[in-house]
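Worth saying up front: this structure is predicted, and the values here are computed from it rather than measured.
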Amino acid sequence: MEKSVCKEHEKLYRELDEFIQEVEGDSSALIEVLHKAQQIFGHLPIEVQEHIAEKLNIPVSKVFGVVTFYSLFTMKPRGKYQIKICLGTACYVKGADKLMDRFKEELEIEEGEVTKDGLFSLHAVRCLGACSMAPVVMIGESDFYGRVTPDEVPKIIRNYKNRGGK
Amino acid sequence: MPKSNVVLVSVDSNSILKGARYFKNLFRQLVDEYNLSSFVDVLETGSFGVYRDGVIVAIYPEEVYYEVKNPDDVKKIVEEHLLKGRRAKELELDSALFTDKISVEAKKVSEETRVVLRNAGVIDPTNIDEYIARDGYMALAKVLNEMKPVEVVEIVKESGLRGRGGAGFPTGLKWEFTMKTEADQKYVICNADEGEPGTFKDRLIMEGDPHALIEAMTIAGYAVGATKGYIYIRGEYYGSVQNIQKAIEDAYEYGLLGENILGSGFTFHLAVRLGAGAYICGEETALMESIEGKAGRPRLKPPYPPVSGLYSKPTVINNVETFVNVPQIILKGADWFKSIGTENSPGTKVFSLCGNIVNRGIVEAPMGTTIRDLVYKYGGGIANGKELKMIQTGGTAGTFVGPDKLDTPLDFDSMKNYGVSLGSGVILVIDEDNCAVDVLKKAMEFFEHESCGKCTPCREGTKMLVRMLDEISKGRGKEEYIDAMKNIASTMLDSSFCGLGQSIPIPLNSMLDNFKEEFLAHINAKESPCGICKFEKPKKKLVRR
């Protein structure tokens, strides 16, 4: 078991290295590399940051500074399905805060936390540019839910639970 | 063999924002998954002339109309209607709605003046031929074959086009400064880091008409002598990124980007750079830092980008909407452009209507259109029969105004003349159910979170403002807080490093001035006067016997 996990990691690092080579990584490619790394690893633990620093030939402190500056980058693992609730003004006046409360209640986690089964994490985000559909919830990278009411929340969660780890 | 079922997904400028294209693709994908592709066709169509919360889908030959709001609805329709042959009743719309087919969209378009959005929702954005068929890349061909760079700059200058991102700086001047600066390398950047809450116009342009942006940036490159361009898009805008990237690939294939464009000898390369979730990166110098792979903290100005921008080279940086005006100006001339809008602000503006309004969405109208027209004529009035309380114009950094300002014409001078900002063109309608203190607190919390921390006035000022507003909302406020907040804001205006901190007095002062009574009511009352803010008891003092 232990061995296979290592092998798995090796593969992931190799994928990252290939990408770095592709963009002919110098320091200006850092943000793109971090996007890719987060896509591969799910989050950006310090070991991955050290690896990137070495490959791009820049100090780890610089990588760390960039990772912590941008809100899309995270050093903590996130859920398989990231539930992002827009709390921008347009969504707020349409009741986004009540939506957030309902999600917290249903998932029994606070904002920024991950459920025990690792399926969901909950995030407040700024404007998603879909104000005509306010309040907006985005799950993962492409599932948009517009004009959501708190009562629809359990149904939405159930749908993803049914998909499970798929 | 004709297929037995046709699914028509209504795609127009507003349903795109509701995910119409995404739903269409999902329909196709599910039809494939269920092996129905030899029986079912999934096609795009225009507006059905009926506006609902979701995207409208029609299935023929049964002529059943459904309203789709999320991916699960699509799944249900495919499984129930197409697979099992029974109607998905709960999603079905009354077909009587559709018998009287006067297209609202058609009427709306004729009332709108579409320059920037002329193709959005009309053409298939992933098909370069459709763009070319509507005079696409004609302006680029004209520029490369018939005009000198200086002539291009002249016509943009002459048109009076001003930056649509919010600041309203004359675009032609920016281009002229960059053209005149000598350098071995220059850049063109499109600021597509649309992060102003309430704004979603650039997303519609990029998802509806990506080639217009590419053409305009190439023209800008030719005019100022740049050979490389970047489009900096928010990391959250997955759909925009896909469309733009596809469009760039197609443009390269057609020889409209790359070396020796259209045989003119001019070379221009274009690439997409992704943001990573930082509002401050909409500030032009912070954005450049970010493209260079650093944390996006703003630089000291001057020098301005036309002198020293990306990698310290002369750089033109414009908003998406600004760029997309350019090809039309080249083709139709500066006088045509000046005939639209007002004297100091020619052209149109794309407004984002949102909040408690009936028709939320995007509308393009001439500069100088009044707020009343935007809210009642295009927006259909206040939702659910409520009373209008206030409107925030221009984005979170814009002004809060009451119903008395409804007849203000919006253009770049409306801030100076009426105290109403145009900003990025947001019209956020707020109805009577909302509380002024609560709304302002939310706005300030946004700035507190997005302040980059580089300069003290902004980092600490936003914190103090939030703290005072929080106290007021909990019934622990004092009257002197109002003056104290204004004082902090004016300090921030004078001493903040960049536009983020400097713009805080705009929303703050306009709210405090226009809705002062509500703040005083919160301060002087024992019970919460609004029902939204929850008053807490003052902290108990230790009583000694």
Side-chain angles (χ1 to χ4, degrees), chain A residues 25-36 38 56 58 62-74 84 86-97 124-134 137-148 152 155-156 158-160, chain B residues 14 17-19 22 53-54 69-72 194-200 202-203 234-240 273-279 281 290-297 311 352-356 359-362 392 395-396 426 428-431 433-434 439 442-443 446 449-450 452:
Chain A
D26 59 351
S27 67
S28 68
L30 178 57
I31 290 174
E32 277 173 279
V33 172
L34 289 173
H35 271 298
K36 185 74 186 176
Q38 182 154 305
L56 294 180
I58 48 177
K62 196 191 158 189
V63 179
F64 182 78
V66 170
V67 168
T68 50
F69 183 86
Y70 294 100
S71 64
L72 278 187
F73 297 134
T74 174
K84 299 167 196 163
C86 174
L87 292 184
T89 11
C91 285
Y92 184 74
V93 302
K94 303 297 284 184
D97 51 332
V125 295
R126 68 200 179 106
C127 188
L128 289 167
C131 315
S132 55
M133 300 157 72
V137 176
M138 190 158 113
I139 301 184
E141 292 197 347
S142 58
D143 289 0
F144 254 107
Y145 290 82
R147 309 197 185 210
V148 185
E152 286 169 25
K155 202 184 109 197
I156 293 175
R158 218 175 314 127
N159 281 331
Y160 286 89
Chain B
N14 278 316
L17 294 168
K18 293 169 184 158
Y22 169 67
D53 284 356
K69 288 181 184 166
N70 54 51
D72 302 327
E194 182 175 62
E196 193 65 49
T199 319
F200 44 108
D202 294 346
R203 198 181 130 213
R234 285 184 66 183
E236 291 93 332
Y237 277 17
Y238 304 99
S240 305
R273 283 286 179 275
L274 287 187
Y279 173 73
C281 287
S290 186
I291 292 182
E292 293 176 17
K294 302 176 204 158
R297 295 198 183 87
Y311 299 112
S352 314
L353 311 179
C354 56
N356 310 119
N359 301 329
R360 288 182 270 166
I362 295 282
Q392 189 178 26
T396 299
V426 179
L428 172 65
V429 175
I430 299 172
D431 71 17
D433 288 350
N434 290 282
V439 169
K442 275 288 146 199
F446 171 78
H449 185 255
E450 294 300 342
C452 78

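- Using a 4.5 Å cut-off on side-chain heavy atoms (C-beta onward), A/F69 and B/K294 make no contact.
- Highest contact tally toward chain A, considering only B/A443, B/A276, B/G277, is held by B/A276 [criterion: heavy-atom pairs under 4.5 Å].
- Considering every non-hydrogen atom in both A/Y70 and B/A295, the closest pair reads OH-C, 3.6 Å.
- Residues A/D143 and B/Y22 meet the side-chain proximity criterion, which asks for heavy atoms closer than 4.5 Å.
- Top candidate by heavy-atom pairs under 4.5 Å with chain A, chosen from B/G195, B/S240, B/G296, B/G275, is B/G296.
- Note: B/Y238 OH to A/M138 CE = 4.5 Å, rounded to the nearest 0.5 Å.
- Looking at heavy atoms from C-beta onward, B/N356 lies in side-chain contact with A/K94 at the 4.5 angstrom threshold.
- Of the residues considered (A/G65, A/A90, A/C86, A/C91), A/A90 shows the highest number of contacts with chain B, using heavy-atom pairs under 4.5 Å.
- Between A/M133 and B/R360, the shortest heavy-atom distance links the atoms C-NH1, 3.9 Å.
- Under the 4.5 Å side-chain criterion, counting only non-hydrogen atoms from C-beta, A/C127 is not in contact with B/T199.
- Each of B/C354, B/S290, B/C281 has some count of heavy-atom pairs under 4.5 Å with chain A, and the biggest count is that of B/S290.
- Looking at B/Y279, the atoms closer than 4.5 Å to chain A (heavy atoms on both sides) sit in the backbone and in the side chain alike.
- Only the side chain of B/L428 has a heavy atom closer than 4.5 Å to any heavy atom of chain A.
- Rounded to the nearest 0.5 Å, atoms CD (B/E236) and NZ (A/K84) are 7.5 Å apart.
- The minimum heavy-atom distance between A/S28 and B/Y311, with the atom names listed, is CB-OH, 3.1 Å.
- Looking at B/E196, only its backbone comes within 4.5 Å of chain A, counting heavy atoms on both sides.
- With values rounded to the nearest 0.5 angstrom, A/I156 atom CD1 is found 6.5 Å from B/N70 atom CG.
- Residues A/V93 and B/V429 come closest through the heavy atom pair CG2-O, 4.5 Å.
- Taking 4.5 Å as the limit, some side-chain heavy atom of A/Y145 sits within range of a side-chain heavy atom of B/D72.
- Chosen from B/E194, B/R273, B/Q392, the residue pairing most often with chain A at heavy-atom distances under 4.5 Å is B/R273.
- For B/P197 against A/G88, the heavy-atom pair with the smallest separation is CB-CA, 4.5 Å.
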